[in-house]
2 protein chains.
Amino acid sequence: MTAPAPPSDLKLDEFLCFAVYSASHAFNRLYKPLLDELGLTYPQYLVMVTLWERDDRTVGEIGERLFLESNTLTPLLKRMEAAGLVSRSRDPADERQVRLRLTDEGRALLDKARQVPPCVLDATGLTGEEARSLTDQIGALRTALSR
Amino acid sequence: MTAPAPPSDLKLDEFLCFAVYSASHAFNRLYKPLLDELGLTYPQYLVMVTLWERDDRTVGEIGERLFLESNTLTPLLKRMEAAGLVSRSRDPADERQVRLRLTDEGRALLDKARQVPPCVLDATGLTGEEARSLTDQIGALRTALSR
DNA sequence: CACGATTAGATCGTGAACGATTTAATAGGA
DNA sequence: TCCTATTAAATCGTTCACGATCTAATCGTG
């Protein structure tokens, strides 16, 4: 005689973490075909965005911007270097640091990349204003979680 | 003479996708020590939640619930089986399907797991009502993105 | 009933994430 | 000046995520 399992009070659909987790994957799936056009993966695209914003950054600066550590970034950046998008070189003034610079090819990719965000906004079904609001709310959430 | 780089109009901080991506990682980092107590990774925890909600599910049903495919789930579920949390067995009525069932140990873990969501809500700094609202907005976003 | 089409999982290879550790360079104090 | 502490990346091992493909079981139509 097995006792009936006590009902679980953990409801997946009410989990904020799961909403975020699954939305993150949904974004990834949406981006995949768009970024394939650029020869980038999603995290590589984020690195490119940080370098398009400001070139010539250290691994640590990029990591600070993207909330990633060198153990994630080093292999990713090496793949980007192999793809001809960035150069990696030790800073002569401080040989501990590795500076990332866009190649001409990497810089040129910005033109194509400008077409991506409008496609993505369209797929969200949100207005620009709604998207901004949600971005701010989730940004604040990330800040709270990182304490 | 290199021309000054044209300013990028792609602003990382305005990217909804990046807010979601980085919040997802922030959740993971928050969950890690909590779930270490239970001997679970975060995706394994999600599988447990689905089975606590309803036991005896196929790989496909779990995947439908979590938006994951068998190529992700099969190895994950095998690790959970090896950890003694679930059993995997072919459905006699349809040998293509593999049914997942909680072991006694897996069922018993629910008690400990109930302590997790309050900790997480606390870390978000949100009220229950705010968290619910955000969960709904992000859930709707995921639905829109998956079209 | 047969047999091609479909379905459910599993397998394989690649690229992230990340904890833990290591290596090399710089900084700073006795 | 040396020598210890700190810092920046890199390395290693494990677990996800996912595209592509494979295998085996079942379905459906003639």
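Atoms considered below: every heavy atom in the structure, side chains included; atoms not considered: hydrogens, waters and symmetry mates. Predicted model only: the values in this text are computed from it and were never measured. All chains are named by letter (A, B, ...) in the order of the sequence lines, taking the proteins before the strands, and each is independently numbered beginning at 1.
In this structure, A:Tyr42 has its ring center at least 6.0 angstrom away from the ring center of A:Phe27. Ring-centre distance between B:Tyr45 and B:Tyr31: below the 6.0 Å cut-off.
Ranked by how close their nearest DNA chain D nucleotide is to the 5' end, B:Pro92 and A:Asp94 are led by A:Asp94. Residues B:Lys78 and A:Asp91 each lie close to DNA chain C; by heavy-atom proximity, the contact nearer the 5' end of the strand is made by B:Lys78.
Under the side chain to side chain donor-acceptor pair (under 3.5 Å) test applied with B:Arg99, the options B:Thr58, B:Asp56, B:Asp94 reduce to a single match, B:Asp56.
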Discussion item. Walk along nucleotides 12-21 of chain C from 5' to 3' and tag each nucleotide B, S or - by protein heavy-atom contact under 4.0 Å, base first, then sugar-phosphate.
Written reply: B--SSBBBB-
Worksheet, complete the sentence: Letter by letter from the 5' end, nucleotides 1-7 of chain C scores (B base, S sugar-phosphate only, - none; protein heavy atoms under 4.0 Å) ------B
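When atom types are taken as modelled, the side chain of B:Arg101 and the backbone of B:Val86 share no donor-acceptor pair closer than 3.5 angstrom. Of the possible donor and acceptor atoms, none in the side chain of B:Ser133 sits under 3.5 Å from a partner among the backbone N and O of B:Glu129.
Between B:Glu81 and B:Lys78 there is no salt bridge, since no side-chain N of the basic residue sits under 4.0 Å from a carboxylate O of the acidic one. A salt bridge links B:Asp36 to B:Lys32: at least one charged side-chain nitrogen sits closer than 4.0 Å to a carboxylate oxygen.
Dashed line: the shortest gap from a side-chain N or O of B:Arg88 to OP1 or OP2 of C:dA10 is under 4.0 Å.
At a threshold of 4.0 angstrom between heavy atoms, the contacts of A:Arg90 are confined to the sugar-phosphate backbone, with no base atom among them.
When the side chains of ILVMFWY residues are joined at heavy-atom separations under 4.5 Å, either directly or via intervening members, B:Leu38 and B:Val49 end up in a single hydrophobic cluster.
Side-chain atoms of B:Leu30 and B:Thr124, non-hydrogen and from C-beta on, never get closer than 4.5 Å to each other.
The span of DNA chain D lying next to chain B, judged by atoms under 4.0 Å from heavy atoms, is bounded 5' to 3' by D:dT15 to D:dT26.
Looking only at atom types and distance, the side chain of B:Ser22 has a donor-acceptor partner in the side chain of A:Arg142 under 3.5 Å away.
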